[in-house]
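Scope of the values below: all heavy atoms of this structure, side chains included, with no hydrogens, waters or symmetry mates. Letters go in sequence order (proteins before strands), and every chain restarts at 1. Because the structure is a prediction, the values reported are computed rather than measured.
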Amino acid sequence: MKNKEIANLLYKIAGFLSLKNENPFRIRSYERAAQSIENLSEDIENLIYNKKLLKIPHIGEGIAKKIEEYFSKGKIEYYENLRKEFPEKILDIVSVPGIGFKTAKILYEKLDIKNLNDLELAAKLNRIMEISHLGEKTQQNILRGIEFIRKNRERIFLFTGLALAESIIDELKKKARIKQICPAGSLRRKKETIGDIDIVCASTDLPGVMNAFINLSQCKRILLQGETKSSIITNDNIQVDLRVVKPESYGAALQYFTGSKEHNIKLRNLANEKGYKINEYGLFKIKNNKKVTGKKEEDIYNQLGLKWIPAELRENQGEIEKSKTNSLPKLIEYSRIKGDFHIHSNWSDGKDSIEDIAGKAKQMGLEWIVICDHSQSLKVAHGMKPEEVLNKIKEIKKINKKFKELKILCGAEIDILANGSLDYKKDILEQLDFVLIAIHSGFKQDEATMTNRIISAMRNKYVHMFAHPTGRLLQKREPYMVNMDKIIEEASRIGTFLEINANPQRLDLPDIYCRKAKEKGVLMGIGTDAHALEQMEYLSLGIWVARRGWLESRDVLNTLSYKQLMKILQQKRK
DNA sequence: GCCGTTTTCGGCCCGACTGTTTTCAGTCG
């Protein structure tokens with residue numbers, strides 16, 4: 001799958017065009033096209049093959065031709081020519097906070113700065129401030145900026161971001177008079193990783209809030225500080241932006257800073273068509289600049305003839321159109337969750353006993369849990385031998401007698417071996433309540449081999465669910481090569497369930513595939529993959545992924561009662 | 001360069017903060 005590759009190429013074209021000071025709308029077109037491709041769940045190569053490239057939003061004749069050229073000739077002449085005009089690493093300079101394309105171009109032309117190292121050296125030698133319109137402060141900011149991006153190459157996991165935002169919000173609430181406060185940006189949209197933390201706040205005492213913010217215990221450095229907007233870097237090198245408005249503008253500000261950018265642009269276009277203007281203070285009539293609404297987010301959407309759109313859907317992926325016709329999905333909510341499909345115990349590599357896990361589950365209000373320990377081949381994780389599995393089944397029967405309102409199912413996370421067979425034979429499989437299958441070895445197989453391997457494993461009649469289907473580890477390991485369209489197609493055909501693994505590093509099945517699987521009628525189940533009691537709390541992360549994937553309660557098996565679950569698990573094997 | 005209940009060219013989101021000058025361009029989200 002070369003979607004990412006193509007998207008990056010288009011981003012680079014946009015970058016070079018920016019350096020050349022080209023028409024900004026042409027540049028935006030390349031960026032939008034790149035973003036569209038990043039958000040595709042389908043392999044772009046298939047779309048080319050089926051002549052459907054022009055069906056992708058923001059891809060017209062011009063860009064489509066270039067993409068086709070890339071696949072037929074291995075390169076794009078237009079891009080190659082642009083590349084020749086600039087040094088290879090020049091676009092890295094723009095990644096330094098505070099440096100945009102204009103400044104990058106000046107630095108290249110006047111000081112022959114070609115990459116980050118050149119830039120750092122020039123700043124240290126006081127060469128930056130020689131240039132008119134650039135001064136000592138800019139030079140210092142450049143050095144700090146370089147340090148920041150070197151330390152901070154990676155994005156933050158959603159889980160980490162949520163925790164940090166919560167602690168900051170708690171502290172602000174104690175130290176300032178706050179009416180309302182909420183995380184915004186990608187954090188509120190619950191993206192799997194986030195770049196920085198945005199917080200929106202309503203108060204009648206703007207200076208008081210700002211003061212509390214820049215004096216937070218976690219604040220290492222103040223990036224910028226104004227009356228309504230400030231940014232800091234925390235001790236963990238995470239950027240936090242705070243926007244403060246009066247209560248009458250809170251809804252508008254929250255809408256504005258939740259984004260995404262593409263969603264907001266579309267919304268404002270719609271507003272313009274209807275004679276309105278939206279900014280962070282409210283919704284205004286264009287002709288007399290009179291404020292119509294702004295206190296509640298919902299009112300802004302309603303005024304434009306839309307139903308309020310949950311933040312997780314605001315990616316300009318069709319949600320505005322669906323909202324117009326009142327046909328948005330009724331997204332799944334945490335309160336509907338009755339169980340967890342994937343918990344490891346100390347029978348394999350988990351930390352805790354089944355009894356302790358059950359205690360925790362009861363405390364969380366769950367109705368059922370599935371203990372899925374590793375199978376024999378996964379030696380590093382103390383994979384269980386067949387005879388151990390039989391003992392575990394007996395043990396779980398005993399423990400089940402001690403818990404009245406909780407049912408424990410005995411499952412296993414069984415390796416799919418390199419040839420597509422399973423790590424246990426029929427005699428074990430048929431005794432397990434739940435069979436979860438997964439890839440833990442042979443990651444390097446080519447796409448066709450891997451896809452066939454998984455499909456043949458799925459076809460085993462005892463299999464219920466396929467765990468962490470892409471195998472990715474966020475910021476660490478790319479997915480293995482697999483044709484996810486074919487996997488989803490087959491899951492739909494034979495009724496295999498797909499896991500939404502809720503481990504913060506996995507979040508796998510990714511949201512775009514969840515949506516696709518739902519469209520094909522595939523049912524999904526959330527598993528925390530917990531190896532310790534506290535990790536059972538990851539369930540909420542699974543919900544966020546499901547919501548971003550447009551899933552409703554009926555798409556997610558965790559909403560079933562124990563009875564309904566057992567029925568569907570048994571049906572699957574018939 | 002894309003898009004269209006404006007089918008064929010004109011429009012394309014909007015405001016805060018900074019640094020450097022002295023009224024604003026550049027950057028950012």
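Separating the C1' atom of B:dT21 from that of B:dG26 is a span of 14 Å, rounded to the nearest Å. Between B:dT23 and B:dC28, the two P atoms lie 25 Å apart (nearest whole Å). Atom name C1', nucleotides B:dT20 and B:dA25: the rounded distance is 10 Å, in whole Å. On the P atoms, B:dT7 is 23 Å away from B:dG1, given to the nearest whole Å. Only the C1' atoms considered, B:dC2 is 13 Å distant from B:dT8, to the nearest whole Å. Only the P atoms considered, B:dG15 is 26 Å distant from B:dG10, to the nearest whole Å. Here the separation of B:dC17 from B:dC12, taken at their P atoms, is 26 Å to the nearest Å.
In this structure, CZ of A:Arg144 is placed 14 Å from C1' of B:dG19, rounded to the nearest angstrom. Between A:Glu321 atom CD and B:dC3 atom C1' there is a gap of 13 Å when expressed in whole angstrom units. In this structure, the CD atom of A:Glu262 is 12 Å from the C1' atom of B:dC12, given to the nearest Å. Rounded to an integer number of Å, the gap from CD of A:Glu22 to C1' of B:dC2 is 15 Å. Atom C1' of nucleotide B:dG11 and atom CD of A:Glu273 are separated by 12 Å, given to the nearest angstrom. Computed from coordinates, the A:Leu224 CG to B:dC17 C1' distance equals 6 Å when rounded to whole Å. Taking atom CG of A:Leu283 as the reference point, atom P of B:dG15 lies 12 Å away to the nearest angstrom. Nucleotide B:dA16 holds its P atom 16 Å from the CG atom of A:Asn264, rounded to whole Å.
Within the structure, a side-chain polar atom (N or O) of A:Thr228 is placed less than 4.0 Å from OP1 or OP2 of B:dC17. Within the 4.0 Å cut-off from OP1 or OP2 of B:dG19, at least one side-chain nitrogen or oxygen of A:Asn141 is found.
Distances from the side chain of A:Tyr281 to the nucleotides B:dG15, B:dC17, B:dG1 place B:dG15 closest. Looking at the side chain of A:Asn272, the nearest of the listed nucleotides B:dC14, B:dT18, B:dG1 is B:dC14. Side-chain proximity of A:Glu227 to B:dG1, B:dC17, B:dA16: nearest is B:dC17. Comparing B:dC14, B:dT18, B:dC12 by their nearest atom to the side chain of A:Gln225 picks out B:dT18.
For A:Leu304 against A:Tyr276, the heavy-atom pair with the smallest separation is CD2-CD1, 3.9 Å. Closest approach of A:Thr258 and A:Arg189 over heavy atoms only: O-NH1, 2.7 Å.
Ring geometry, A:Tyr79 versus A:Phe16: the interplanar angle falls from 30° to 60°, so the pair is classed tilted.
Among the heavy atoms of the strands, none lies under 4.0 Å from A:Arg28. Across all strands shown, A:Asn23 has heavy atoms under 4.0 Å from base atoms, whether or not it also approaches the sugar-phosphate. Among the atoms of the strands shown, only primed sugar atoms or phosphate atoms (P, OP1, OP2) are found under 4.0 Å from some heavy atom of A:Lys277. Among the atoms of the strands shown, none is found under 4.0 Å from any heavy atom of A:Leu267. Within the 4.0 angstrom heavy-atom criterion, only backbone atoms of the sugar-phosphate kind lie near A:Asn279; the bases stay farther away.
In this structure B:dT18 sits in the anti conformation; its chi angle is more than 90° from 0.
Taking the charged nitrogens against the carboxylate oxygens, A:Arg150 and A:Glu147 have no contact shorter than 4.0 Å, which rules out a salt bridge. A salt bridge links A:Asp112 with A:Lys114: the closest approach of a Lys/Arg side-chain nitrogen to an acidic carboxylate oxygen falls below 4.0 angstrom.
In this structure, A:Tyr78 and A:Gly226 both approach DNA chain B, and ranking their closest nucleotides by distance from the 5' end singles out A:Tyr78.
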Can A:Phe159 and A:Tyr538 be said to form a ring pair (Phe, Tyr, Trp, His ring centres under 6.0 Å), step by step? CA-CA 8 Å; A:Phe159 188 71; A:Tyr538 293 158; 5.0 Å; yes
Would you mind building the protein contact string for nucleotides 20-29 of chain B? One character per nucleotide, 5' to 3', B for base within reach (heavy atoms under 4.0 Å), S for sugar-phosphate only, - for untouched. SS----SSSB
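Geometrically, A:Lys307 does not engage A:Tyr301 in a cation-pi contact defined by less than 6.0 Å to the ring centre and at most 45° from the axis.
Judged by distance alone, with hydrogens and angles left aside, the side-chain atoms of A:Asn50 form a donor-acceptor pair with the main-chain N or O of A:Asn46 at under 3.5 Å.
Partner assigned to B:dA25 is B:dT18, using Watson-Crick or G-U wobble distances below 3.5 angstrom.
Inspection of the A:Asn126 and A:Gln139 side chains reveals an N or O donor paired with an N or O acceptor under 3.5 Å. Under 3.5 Å, the side chains of A:Asn316 and A:Gln35 contain no donor-acceptor pair of N or O atoms.
At a non-hydrogen distance threshold of 4.0 Å, A:Pro57, A:His58, A:Ile59, A:Gly60, A:Glu61, A:Gly62, A:Ile63, A:Lys66 from residues 32-70 of chain A come into contact with DNA chain B.
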